[in-house]
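Each ligand, and each atom within it, is numbered from 1 in the order the structure gives. Throughout, residue positions are numbered sequentially from 1 according to the sequence presented. Everything numeric in this text was worked out from a predicted model, so none of it was measured. Side-chain atoms are counted along with the backbone in the values below, which use heavy atoms only and exclude waters and symmetry mates.
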Amino acid sequence: MPNATVLVVDDEALIRWSLAERLKSDGYTVLEADTGRAALEKLSDGVDLVLLDYRLPDTDGVSVLRKMKEFDADILVILLTAYASVETAVEAMKLGAYHFANKPFNLDEVAATVERALETTRLRREVRQFRANAARPYSLQRIVGESPVITALRQLVAKVAVSPSSTVLLTGESGTGKDLVANVVHYTSDRASRPFMNITCSALPEQLLESELFGHERGAFTDARMQKKGLLETAEGGTVFLDEIGEMTPGLQAKLLRFLEEKSFKRVGGATDIRVDVRVVAATNRNLEEEVGKSQFRSDLYYRLNVLPIAMPSLRSHPEDIPLLVEYFIDGFNTEFRKKVIGATPAAYAVLQQYGWPGNVRELRNVIERAMLLSEHQRLDAGDFATMPRAVPAGDSFELPPNGVALEQLERSLVIQALRRCGGNQTRAGALLGLNRDQIRYRIEKFGLTATP
Ligand SMILES: Nc1ncnc2c1ncn2[C@@H]1O[C@H](COP(=O)(O)OP(=O)(O)O)[C@@H](O)[C@H]1O
Ligand SMILES: [Mg+2]
């Protein structure tokens, strides 16, 4: 395996030197350590294989082996020993040692064992990659839609996925597909065979969120009875999805920023810096730029996250995709509910297309799910969507009163009513009026209305 890093652990300088020289000439990167403790510290530099002396000044090889496997179960360990008792050998193998080499060893033999061991890892990784590809739960095709905005979105996601380490910031209203895109970014990138970990920043109190993300040392706080790895460590090589990043507290924002800048962090209560290779994908339905303006969100973190921004389009901005999405969901629910619905009637599409979809694709999916559960028809019909909140009567059905209206006043009153009905939620109020967020905001300002009248 080219570029593999081998850690040589032995207290005898001459042995370290001879192994290191040989392995370097075979093309490996070689790190050295003379104690168990130093060896464990080196692990965070990224180690593929360890040549580990059984006799160390501060501890024995088996306990170092155990700790190494706890740190990363994929690390290969070859134990070097002059005094292998059968018991030690059995215990070491149980703990996952790859091989034993008896001292004094033959350099060629050790080098061949190293090569074979690394080849096993390479194959294991390839199989993993292959499986991930075969399963590919999240291909680009999972992002459904043929409108220009969705086509552009798919192209952007494809580009983002091949730049596999830059931070991604997904912004957009709830239900626009941020979770979906985060998954697609991960599963179409080189990281696909490594973990995708996800956490909702608003779901946990600060201290818990911190220890979920960064892990903690034993005794770091009252309940910390054991050392625990955080998501950033478990996701090594993969992706961490931080949902609702806008809700993160200032203290954690600072820690996250430090991690993004240095690629390393300390566990809660810990002193050592832990380096990991993870990609961070963050999402929010807030306008972070505005939050920065109000000093609710750190500007430096915002710029650090915003390396690859992806703005998710609201469903209102691409209603032409509704039929395709409907077909897609019908297909899925046919399988799930063992139904044989073959589509929707033009009247049904008319109802679906005039609605404002404040809950975006998620709401559309829910509406289709409900209709499929209740409908008796082969094709979903307008009647199957009767319970759906109706859109504002469009066009002709609204009759101008004989004496005319004061249009501005009417508009103002409608905006106020819509805001009241939606408890001040501008997006939903806008949807009731067929307006996007900017359009409703513009009117709120124009009429001097506060956000929650
Ligand atoms: N363009 C799309 N194509 C197919 N399914 C979509 C699309 N956008 C969203 N969805 C689906 O809609 C639902 C809500 O999407 P989600 O990613 O959870 O939204 P968000 O995280 O932005 O709130 C999910 O079931 C998701 O798979
Ligand atoms: Mg989401």
N285 and ligand 1 - part of the residue with a heavy-atom distance under 4.0 Å | neither
Heavy-atom contacts under 4.0 Å between R365 and ligand 1: side chain, backbone, both, or neither?
-> side chain
From the Mg ion (ligand 2) out to just under 2.8 Å, does an N/O/S atom of E244 turn up?
-> no
What atoms in ligand 1 come closer than 4.0 Å to a heavy atom of [X]?
X	result
R142	3 (N), 4 (C)
G177	8 (N), 9 (C), 15 (O), 16 (P), 17 (O), 19 (O), 20 (P), 22 (O)
V144	1 (N), 2 (C), 3 (N), 4 (C)
Y328	4 (C)

Give yes or no for whether the N/O distance cutoff of 3.5 Å, strictly under, is met between [X] and ligand 1.
X	answer
L180	yes
D179	yes
G175	yes

Decide whether the shortest distance between a heavy atom of D321 and an atom of ligand 1 is less than 4.0 Å.
->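 No.
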Does ligand 1 have any atom that is closer than 4.0 Å to a heavy atom of S174?
-> yes
Closest non-hydrogen atom pair between L373 and K339, with its separation | O-NZ, 3.9 Å
Shortest heavy-atom approach to atom 18 (O) of ligand 1 - which of M312, R362, E369, Q141 =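 Ranked by closest heavy atom to atom 18 (O) of ligand 1, first place is R362.
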Show the numbers, then the answer: is there a salt bridge (charged side-chain N to carboxylate O under 4.0 Å, His left out) between E70 and K229?
-> CA-CA 10 Å; E70 268 169 28; K229 282 188 189 183; over 6 Å; no
To the nearest 0.5 Å, atom CG of L156 lies from atom OG1 of T151 at 12.5 Å
Tell me which N, O or S atom of D179 sits nearest to the Mg ion (ligand 2).
->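 Closest N, O or S atom of D179 to the Mg ion (ligand 2): OD1.
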Ring pair (Phe, Tyr, Trp, His ring centres under 6.0 Å) evaluation trace for F265 with F214 | CA-CA 7 Å; F265 62 92; F214 299 108; 5.6 Å; yes
Nearest protein heavy atom with distance in Å, relative to atom 12 (O) of ligand 1 = V361 CG1, 3.6 Å
Of all residues at least two apart in sequence or in a different chain, which pass the side-chain contact (heavy atoms from CB on, under 4.5 Å) check with N183?
-> Y138, Y187, F196
Got a salt bridge between E290 and R441, using NZ or NE/NH1/NH2 to carboxylate O under 4.0 Å?
-> yes
Ignoring hydrogens and geometry, is there a side-chain-to-backbone donor-acceptor pair from S375 to H377 under 3.5 Å?
->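 Side chain of S375 to backbone of H377: a pair is present.
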For the residue pair F333 and F329, categorise the inter-ring angle as parallel (less than 30°), tilted (30 to 60°) or perpendicular (more than 60°).
->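 Taking F329 first and then F333, their aromatic rings sit tilted (interplane angle of 30° to 60°).
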Check the pair T176, N360 against side-chain hydrogen bond (donor to acceptor under 3.5 Å, both in side chains), reporting the backbone distance first and the verdict last.
-> CA-CA 6 Å; T176 49; N360 297 293; 5.4 Å; no
Between S413 and Q417, is any side-chain donor less than 3.5 angstrom from a side-chain acceptor?
-> yes
